[in-house]
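Note that the structure is predicted; figures quoted are calculated from it, not measured.
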Amino acid sequence: MKPLEITPWLREMNRLLLENDSLYRDAARRLGVPECTLWILYTIRADGQPITQAQLCQILREPKTTVNSALKHMAAQGYIVLTAGEDRRTRSVVLTEKGMELAKSTADQLLHAEEAAIFGLSLEQREGLLREMRRFNKELAKQLNQLGVNKTTTKEAIRHENSTF
């Protein structure tokens, strides 16, 4: 079967996205934590706590089962406690002292590395990177929605496009 002809732009962009994913996967492995655990710790440290399981799923764009499994594992190891939320179905995630130490030695390291990398770019480059990534994601969501293979709403894509830093 003949390979599909794609533009060099698309090939390079996909290579870069995969490389970026690999950098984070390798960071999790080197830091000694599962990738989902790292992203949970990262989100708690970046967004603050308490944070609900539903908020984590939304931010991380992971299924409830994936996040719930990671949280159960983290709770069993004493890194988090799950507290009652606003109603019986809502549970908040809070780091324990042991969890805070893990976050400092993992997620905080990743956050510092990202900050150093992003501030290695000029303000104009940072703004351009974010602007164009949002624009691409909005257009890709639109195209995938037309195919019926994506759950991202146009409203969600617009919200991301309009966020500022």
Open item on the list: Can you tell whether the side chains of Arg15 and Glu19 come within less than 4.0 Å, N to carboxylate O?
Closed with: yes

TODO: Might you point out which heavy atoms bring Met133 and Leu17 nearest each other, and give the distance in Å?
DONE: CE-CD2, 3.8 Å

Open item on the list: Applying side-chain contact (heavy atoms from CB on, under 4.5 Å) to His73 and Tyr79, what does each step give before you reach the verdict?
Closed with: CA-CA 9 Å; His73 185 71; Tyr79 295 128; over 6 Å; no

Open item on the list: Less than 4.5 Å apart, side chain to side chain, heavy atoms only: is that true for Leu38 and Glu35?
Closed with: no

Task: Beyond-backbone contact of Glu101 with Lys104, side-chain heavy atoms, under 4.5 angstrom - done: yes

Open item on the list: When you compare the side chain of Ile40 with that of Ile80, does any pair of heavy atoms fall below 4.5 Å?
Closed with: no

Open item on the list: With a 4.5 Å cut-off on side-chain heavy-atom distances among I, L, V, M, F, W and Y, is there a chain of contacts connecting Leu10 to Leu16?
Closed with: no

Open item on the list: Can you confirm whether more than 12 heavy atoms, excluding those of Lys98, are under 6.0 Å from its NZ atom?
Closed with: yes

- [ ] Kindly give the heavy-atom pair with the smallest separation between Cys36 and Val67, and that separation in Å.
- [x] SG-CA, 4.4 Å

Open item on the list: Do Val93 and Gln55 make a side-chain contact, defined as non-hydrogen atoms from C-beta onward lying under 4.5 Å apart?
Closed with: no

Task: Under 3.5 Å donor-acceptor, Asn145 side chain and Ala141 backbone - done: yes

Task: Flag, side chain of Thr96 to backbone of Gly78, donor-acceptor distance under 3.5 Å - done: yes

TODO: Drop me the distance from Leu121's CG to Arg126's CZ, to the nearest 0.5 angstrom.
DONE: 7.0 Å

Task: Atom pair OG1 (Thr83) and CZ (Arg91), whose distance is rounded to the nearest 0.5 Å - done: 8.0 Å

TODO: Look only at the side chain of Gln49 and the backbone of Leu95, and say whether a donor-acceptor pair between them is shorter than 3.5 Å.
DONE: yes

Task: Intermediate values then yes/no, side-chain contact (heavy atoms from CB on, under 4.5 Å), Leu56 and Leu71 - done: CA-CA 10 Å; Leu56 281 170; Leu71 291 174; 4.2 Å; yes

Open item on the list: Please report the interatomic distance CD(Glu97) to CG(Leu102), rounded to the nearest 0.5 Å.
Closed with: 13.0 Å

Task: Nearest-0.5 Å distance that lies between atom OG1 in Thr65 and atom NZ in Lys72 - done: 10.5 Å

Task: Distance, nearest 0.5 Å, that separates CD of Gln109 from CZ of Arg45 - done: 10.5 Å

Open item on the list: On a heavy-atom basis, which atom in Leu41 and which in Gly99 lie closest, and how many Å separate them?
Closed with: CD2-O, 4.2 Å

Task: Glu124 CD: over 12 foreign heavy atoms closer than 6.0 Å - done: no

Task: Distance (rounded to the nearest 0.5 Å) between Asp26 CG and Arg30 CZ - done: 5.0 Å

TODO: Indicate if Met100 and Leu82 have the same hydrophobic cluster label, given that clusters are the connected sets of ILVMFWY residues with side-chain heavy-atom separations under 4.5 angstrom.
DONE: yes

- [ ] Indicate, with yes or no, if Leu18 and Met13 share a hydrophobic cluster defined by side-chain heavy-atom contacts under 4.5 Å among Ile, Leu, Val, Met, Phe, Trp and Tyr.
- [x] no

Task: Non-hydrogen side-chain atoms of Tyr24 and Leu110 separated by less than 4.5 Å - done: yes

TODO: Give a yes or no answer on whether the side chain of Thr43 reaches the backbone of Trp39 with a donor-acceptor pair at less than 3.5 Å.
DONE: yes

Open item on the list: Determine whether Ile59 and Ile51 satisfy the following criterion, side-chain contact (heavy atoms from CB on, under 4.5 Å), listing intermediate values before the conclusion.
Closed with: CA-CA 11 Å; Ile59 292 166; Ile51 189 167; 3.8 Å; yes

- [ ] Indicate if Trp9 and Phe136 have the same hydrophobic cluster label, given that clusters are the connected sets of ILVMFWY residues with side-chain heavy-atom separations under 4.5 angstrom.
- [x] no

